[in-house]
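This report concerns only the one structure given below.
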Amino acid sequence: MRTAARTGWGRILGKIQLRQAAWGVAAGLLLAAAALPGCRGSAAMAKEQTMELTSSSFQGNQIPRKFTCNGAETSPQLAWTAPPADTASFALIVTDPDAPGRTFVHWVLYDLPAETRSLPEGLAKQGQLADGSRQGRNDFGNIGYGGPCPPGKSAHHYVFMLYALDAKLNLPVGATRAQVETAMQGHILARGELIALYQR
């Protein structure tokens, strides 16, 4: 009986050791796969960089009337720091997350050339710009910039998000925010964010 018991325990221990070895091999393979170049996911996200996005058009963090629907609705000046070296284009999306019901889109701009570091005030409201960049459709239903126009008297936050991409999106003129965000997936190298307020 003792010999049989020892033999049984030996088999059980052997199986446990085999399982532990198998788990070790599997873990090693997973780590090796994560380290492979071109693999995207948490490793790729960790490499994403940050750019500083600023505007000389704003007064502190306040948006003057000139750049809103209560004024000339001129698009503001924007400037940003250098992106990663392998940047191929930029995309810009401006939204109002405080809009009633859902986030409201005020500006969609994409395929900005990689050498661009700023935008002037008063960008033309046309689909194709001289430098090859294109403008999408905002939630007013128009091409180009649509200024802040919040209902009521409370201040709204306007979020300017700039993306450095490793490719051009090559979307047609008039693309929506959703279309641009879908096309950007897996191509974002760096982001810059600027938040400004407007209250009527």
Side-chain angles (χ1 to χ4, degrees), residues 49-83 87 89-165 168-169 171-181 183-184 188 190-200:
Q49 299 179 28
T50 301
M51 298 174 292
E52 183 182 5
L53 181 62
T54 59
S55 176
S56 61
S57 297
F58 300 158
Q59 298 170 351
N61 67 341
Q62 302 294 314
I63 301 176
R65 287 174 63 93
K66 172 183 178 180
F67 307 101
T68 74
C69 70
N70 300 119
E73 207 168 26
T74 301
S75 65
Q77 182 270 355
L78 294 170
W80 52 91
T81 52
T87 296
S89 72
F90 295 98
L92 175 72
I93 297 176
V94 181
T95 60
D96 172 10
D98 300 323
R102 63 183 176 85
T103 296
F104 195 92
V105 180
H106 285 266
W107 200 4
V108 179
L109 179 62
Y110 46 96
D111 285 353
L112 278 161
E115 64 272 14
T116 308
R117 296 292 179 270
S118 65
L119 295 175
E121 283 189 7
L123 208 63
K125 296 183 181 184
Q126 59 191 46
Q128 183 86 31
L129 299 175
D131 62 2
S133 57
R134 296 175 176 179
Q135 297 192 90
R137 195 170 299 277
N138 58 45
D139 280 350
F140 293 113
N142 302 320
I143 296 290
Y145 176 78
C149 199
K153 299 295 182 182
S154 61
H156 282 216
H157 296 75
Y158 294 88
V159 182
F160 292 71
M161 286 295 302
L162 180 74
Y163 302 89
L165 309 174
K168 290 185 68 174
L169 300 183
L171 292 170
V173 166
T176 64
R177 171 198 178 191
Q179 290 171 325
V180 169
E181 288 181 340
M184 287 194 301
I188 299 173
R191 301 172 193 245
E193 181 182 85
L194 173 63
I195 300 177
L197 301 173
Y198 179 65
Q199 182 176 5
R200 291 198 188 190

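All residue numbers in this chain count up from 1 along the given sequence.
Checking each of Leu194, Thr54, Leu92, Leu119 against Trp80 for a side chain to side chain contact (heavy atoms under 4.5 Å, CB included) leaves exactly one that passes, namely Leu119.
Residues Val108 and Thr176 form no side-chain contact, since every pair of their non-hydrogen atoms from C-beta on lies 4.5 Å or further apart. Annotation: side chain of Leu109 is in contact with side chain of Leu123 (closest heavy-atom distance under 4.5 Å). Counting only heavy atoms from C-beta outward, the side chains of Arg200 and Cys149 approach each other to under 4.5 Å. Counting only heavy atoms from C-beta outward, the side chains of Tyr110 and Ser133 never approach each other to under 4.5 Å.
Tyr158 and Pro150 get closest at one heavy-atom pair: OH-CD, 3.3 Å. Of all the heavy atoms in Ala91 and Met184, the pair that sits closest is CB-SD, 3.9 Å. Residues Ala82 and Arg117 share a closest heavy-atom pair of CA-NE, 3.9 Å. Closest approach of Ala196 and Ile63 over heavy atoms only: CB-CG1, 3.5 Å. Taking each heavy atom of Lys153 and Gln199 in turn, the nearest pair found is O-NE2, 2.6 Å. Counting all heavy atoms, side chain and backbone alike, Ala164 lies closest to Thr87 at CB-OG1, 3.7 Å.
At a cut-off of 3.5 Å, with distance as the only test, no side-chain donor of Glu121 or Thr74 sits close to an acceptor on the other residue.
One finds the OG1 atom of Thr50 at 9.5 Å from the CZ atom of Arg191 (value rounded to the nearest 0.5 Å). Leu53 CG to Phe160 CZ: the interatomic distance, rounded to the nearest 0.5 Å, is 8.5 Å. Rounding to the nearest 0.5 Å gives a distance of 5.5 Å between CG of Asp111 and OG of Ser89. Of the inter-residue distances, the one linking Arg177 atom CZ with Thr95 atom OG1 reads 5.5 Å to the nearest 0.5 angstrom. One finds the CD atom of Glu193 at 8.5 Å from the OH atom of Tyr163 (value rounded to the nearest 0.5 Å). Rounded to the nearest 0.5 Å, atoms NE2 (His157) and CG (Asp96) are 9.5 Å apart.
Listed for the Gln49 side chain is no donor-acceptor partner under 3.5 Å among the backbone atoms of Ala190. At least one donor-acceptor pair under 3.5 Å links the side chain of Arg134 to the backbone N or O of Leu171. With Tyr145 contributing its side chain and Phe67 its backbone, the two residues share a donor-acceptor pair below 3.5 Å. Between the side chain of Glu52 and the main chain of Gly192, no donor-acceptor pair closer than 3.5 Å is present.
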(request) May I have the step-by-step check of side chain to side chain contact (heavy atoms under 4.5 Å, CB included) for Ile188 and Leu165, ending in yes or no? (result) CA-CA 5 Å; Ile188 299 173; Leu165 309 174; 3.8 Å; yes
(message) With side chain to side chain contact (heavy atoms under 4.5 Å, CB included) as the criterion, how do Asn61 and Ile195 come out once you've worked through the C-alpha distance, each side chain's angles and the decisive distance to 0.1 Å?
(response) CA-CA 7 Å; Asn61 67 341; Ile195 300 177; over 6 Å; no
(request) Show the numbers, then the answer: is there a side chain to side chain donor-acceptor pair (under 3.5 Å) between Ser56 and Gln77? (result) CA-CA 6 Å; Ser56 61; Gln77 182 270 355; 3.0 Å; yes
Using residues 135-144 as the side-chain source, report each donor-acceptor pair under 3.5 Å to any protein atom, sequence neighbours left out, with the distance given to one decimal.
from   : atom 1 : to     : atom 2 : distance (Å)
Gln135 : OE1    : Trp107 : NE1    : 2.8
Gln135 : NE2    : Ala124 : O      : 2.6
Gln135 : NE2    : Gln126 : O      : 2.9
Arg137 : NH1    : Gly141 : O      : 2.8
Asn138 : OD1    : Phe140 : N      : 2.9
Asn138 : OD1    : Gly141 : N      : 3.3
Asn138 : OD1    : Asn142 : N      : 3.1
Asn138 : ND2    : Asn142 : O      : 3.3
Asn138 : ND2    : Gly144 : O      : 2.9
Asp139 : OD2    : Arg102 : NH1    : 2.8
Asp139 : OD2    : Val105 : N      : 2.9

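Residues meeting the side-chain hydrogen bond (donor to acceptor under 3.5 Å, both in side chains) test with Asn70, sequence neighbours left out: Tyr198.
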